Undergrad: 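So that we are looking at the same thing, I have put the structure below in structure tokens.
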Amino acid sequence: MTSANRPDRRTAIRLAGAGAGVLAAGGLLSACTGGDSTPDPLIALADSAHQDAALAEAVFAAHPDLAAARAIGKARRAQEAALRKEIGRAAGTTTSTTASNSPGPAAPKDRTAAVGALTSALSKAQDAAGALVPTVPTYRAGLVGSVAAGCAALRELFT
């Protein structure tokens, strides 16, 4: 390329700045519109909280002597609400997404099996949330970490 065809230094800097501005604007648009087509990883945690709460409520209904199941159901509903609020905030909606209205799992008739099912569900939720903590942005890690810790604490209600 000859020097006659090359832009001067000021023009080159302006063009580079304009290019950077276009790239930045594209990045902002991508962030605002959710340019990433991957589903929010918190949706699976919220759905799990929904299912666990339904199971805990069913266990309490089948075995009213297991008062801890009622507390677990309330706690998992609160976790679900917090997760759905964050999902909605990240999506830019004023309402949080909700889980399907499908019926929850039936509680085992045997008391020991019911306790085992709920304990297992809480362990799976704790593991899933714990595995997700290092993969989410730091502003979400506290929420996800508290879900993991909460599941661990709830599981202790039965042991």
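This one's a predicted model, so the numbers in the text were calculated from it and none came from an experiment.
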Undergrad: When you compare the side chain of L42 with that of L132, does any pair of heavy atoms fall below 4.5 Å?
TA: yes
Undergrad: Using distance only, find each side-chain donor-acceptor pair of residues 120-127 under 3.5 Å and give its atom names and separation, not counting sequence neighbours.
TA:
unit_1, atom_1, unit_2, atom_2, d
S123, OG, T119, O, 3.2
Q126, OE1, R155, NH1, 2.2

Undergrad: Side-chain contact test, heavy atoms from C-beta onward, threshold under 4.5 Å: evaluate it for Q79 versus C151 and give yes or no.
TA: yes
Undergrad: Rounded to the nearest 0.5 Å, what's the gap from CG on L83 to NE2 on H50? Could you check?
TA: 13.0 Å
Undergrad: Can you give me the closest heavy-atom contact between A46 and E80, atom names plus distance?
TA: O-CG, 3.7 Å
Undergrad: Please, which pairs that meet side-chain hydrogen bond (donor to acceptor under 3.5 Å, both in side chains) have at least one residue in residues 131-144, sequence neighbours excluded?
TA: D40-R140, E86-R140
Undergrad: Do the side chains of F60 and L157 join up, straight or via other hydrophobic residues, at under 4.5 Å, putting them in one cluster?
TA: no
Undergrad: Kindly write out the residues that satisfy side-chain contact (heavy atoms from CB on, under 4.5 Å) with A53, not counting sequence neighbours, or none if the list is empty.
TA: E57, R76, R77
Undergrad: Identify each donor-acceptor pair in which a side-chain atom of residues 62-72 lies under 3.5 Å from a protein atom, sequence neighbours left out, and give them as a table.
TA:
unit_1, atom_1, unit_2, atom_2, d
H63, NE2, P108, O, 3.0
H63, NE2, K109, O, 3.3
D65, OD2, R111, NE, 2.7
D65, OD2, R111, NH2, 3.2

Undergrad: For a quick test of reading the model, state the closest non-hydrogen atom pair linking A148 to G130 and the distance between them.
TA: CB-N, 3.8 Å
Undergrad: Applying side-chain contact (heavy atoms from CB on, under 4.5 Å), name anything that partners A141, two or more places apart in sequence or on another chain.
TA: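 If we apply the side-chain contact (heavy atoms from CB on, under 4.5 Å) test to A141, skipping adjacent residues, the hits are V133, V136.
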